[in-house]
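These notes concern the structure reproduced below.
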Amino acid sequence: MAQDHVYINGKWYKGEGEKRAVINPSNEEVIIEINEASQQQTVEAIQAARHAFQYTDWPSNPARRIAVLRQLADLLEQNAETFAAIETLNTGKPIRESRLDVSDSIQCLRYYADFVEQRTIEEKKRTDGTTSKVIEEPIGVCALIVPWNFPLLLGIWKLAPALAAGNTVVFKPSELTPLSFIELTKLIDSIGLPPGVFNLVLGSGSPVGETLVTHPDVEKISFTGGTKTGRWIYEQCARGLKRVSLELGGKSPLLIFDDADLTSTVEWALFASFFNQGEVCVAASRILVQRRVYNSFIDQLTQRLASLRIGDPFAENTEMGPLISSSHLKKVETYIQIGLQEGAVLLQGGERIKERGYYLTPAVFTHVRQDMRIVQEEIFGPVITLQTFEHDNEAIGLANDTIYGLAAGIFSRDLERAERIAGKLRAGTIWINSYHTPYVDAPWGGMKQSGIGRELGPQGFAAFTETKHVNISQHGKSLGWYPSRS
Ligand code: NAD
């Protein structure tokens, strides 16, 4: 049982695929060895989900689904500290941030339970006597695929609405961070859902992820991850016109105007850029500062960076932990080299600080040009670029000039101007005088190459439904060729 980490049709199995060591990024030690799912087991999980969708009352029993989501939320709450510890152990994120992830996950489960409870069916009486009903039905078997930076929270953002809507699920966490979802599956197992409603397959893109994406019995892919992977998934889904939601990468700008209170703005900027080690899709990786306050901003930023607490993610006062893996650390360091080769100036940071653990100090680049790769490409780590602007239009032009459109931040005392600029920015989420907070009842997602569709809120629920229009007329009425259409 201790080795059984694949969950299919209500039972635990030993994975018959690759064996992979799960690493603690803060000390590089092996936490556990996982036997991942084989391609055959992935297909079995899909078949179990298909069977459950077709033959159990799960899709048609909202009361049961509401009860399950609430029970899961309660269980997660009772075990909140365990889940926070697992998340920190596996990802290296500071424990205070893991606790936030767990409490946001609980809130999300409860939100979608309430959402289904309060849902009404749209009904219309027509002049010809017909009653029209517009019904939101589940799609069917949904494959949920998530990355490693918020393994539990991003998983719940998909799982809660998918189950709430009545779908059955095959879930795949990142191969780097399977631990919190293995633990969550134990809670799901203890609730006793109909077998096959929820299945957990562990493994990487090939073969597990690719099997989920290409199998004809999977009717919806909900994916969070890199833009390159998302693009490939979108192409595969096009072949069978499979439903797809994509939450992808970003290169989000933070616009700081010269009327902003600099001391608090510097704090926000650090949080916006380096929260979760900068391994956040919406991380503010491009800071645009109005020229008049640029030098003062840099002075305050570098002073504050010097006192940033980087270290043991389990220490209560740690502000930044290690990056996720050795290969990701190397990728981020390669970008720092690229920045230097492109002629940018590394003001500070970009250094390893410990012999063990994937720690890197925040890197700040100045003297950058808009066409540099470090300005255009997602690095997904603690690396920021600083640029200046003179006036609103220049700021808007720079902010919008990448392929991404996930998020943006604006700091200014002039809310009217900030809102006007927000209206010009091509980004799915914009924070004015704050950053990062997601609200469970409000949509989350990207424009341009940052994604397709939205998660959270009513939109996140709609993404897991198909719309059916049922027209009901009295039996025995004579046929009318041209009935009225109102
Ligand atoms: P990734 O694309 O490498 O992997 C994401 C997930 O997809 C993992 O579970 C991985 O195993 C799986 N996968 C990889 N190849 C696959 C394939 N061919 N078919 C099916 N599944 C496949 O991304 P990552 O490195 O794990 O995560 C970082 C990326 O995620 C960043 O680009 C970041 O911006 C993005 N992200 C976006 C959001 C958002 O809300 N928009 C949130 C978090 C992370």
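Order of appearance sets the numbers: ligands from 1, and atoms from 1 within every ligand. From a predicted model like this one, the values you see are computed outputs, not experimental measurements.
Comparing heavy-atom distances from atom 32 (O) of ligand 1 across Gln236, Glu378, Lys172 singles out Glu378 as nearest. Heavy-atom proximity to atom 14 (C) of ligand 1, evaluated over Ile379, Thr229, Leu212, is greatest for Thr229. Considering Gly226, Ser206, Ser204, Pro173 only, the shortest heavy-atom separation from atom 29 (C) of ligand 1 involves Gly226.
Below 4.0 Å from some heavy atom of Thr224 lie the following atoms of ligand 1, by number and element: 5 (C), 36 (N), 37 (C), 38 (C), 39 (C), 42 (C), 43 (C), 44 (C). Atoms of ligand 1 found under 4.0 Å from any heavy atom of Trp148, numbered from 1 in the order shown, are 24 (P), 25 (O), 26 (O), 27 (O).
Taking atom 27 (O) of ligand 1 as the reference point, the nearest protein heavy-atom neighbour is Pro147 CB, 3.2 Å. At the top of the distance list for atom 21 (N) of ligand 1, counting protein heavy atoms only, stands Gly209 CA, 3.7 Å. Shortest contact from atom 36 (N) of ligand 1 to any protein heavy atom: Cys281 CB, 3.5 Å. Among all protein heavy atoms, the one lying closest to atom 13 (N) of ligand 1 is Gly205 CA, 3.8 Å. Scanning all protein heavy atoms for the shortest distance to atom 33 (C) of ligand 1 gives Phe380 CE1, 3.2 Å.
Formation of a donor-acceptor pair under 3.5 Å by the Glu33 side chain with backbone atoms of Val22 is not found in this model. Put simply, the side chain of Gln54 never gets that close to the backbone of His51: no donor and acceptor are under 3.5 Å apart.
Of the N or O atoms in Val146, one or more lie within a sub-3.5 Å distance of an N or O in ligand 1.
No salt bridge links Glu342 with Arg373; every basic N to acidic carboxylate O contact stays at or beyond 4.0 Å. Between Arg99 and Glu87 there is no salt bridge, since no side-chain N of the basic residue sits under 4.0 Å from a carboxylate O of the acidic one. Salt bridge status for Glu36 with Lys14: absent, with no side-chain N to carboxylate O gap under 4.0 Å.
Within the 4.0 angstrom cut-off, atom 4 (O) of ligand 1 has no protein heavy-atom neighbours.
The shortest heavy-atom distance from Trp444 to ligand 1 is under 4.0 Å.
Ring-plane geometry between Tyr112 and Phe461 is classed as parallel, the angle between the planes falling under 30 degrees on a 0 to 90 degree scale with a further cut at 60.
For the side chain to side chain contact (heavy atoms under 4.5 Å, CB included) test, residues two or more places apart in sequence or in another chain that qualify with Ser222 are Leu144, Lys158, Lys220, Ser245, Glu455, Phe464. In this structure, Asp104 has no salt bridge (charged side-chain N to carboxylate O under 4.0 Å, His left out) partners at least two apart in sequence or on a different chain.
Under 4.0 angstrom from ligand 1, there are no non-hydrogen atoms of Leu176.
Separating the CH2 atom in Trp12 from the NZ atom in Lys186 is a distance of 6.5 Å, to the nearest 0.5 Å.
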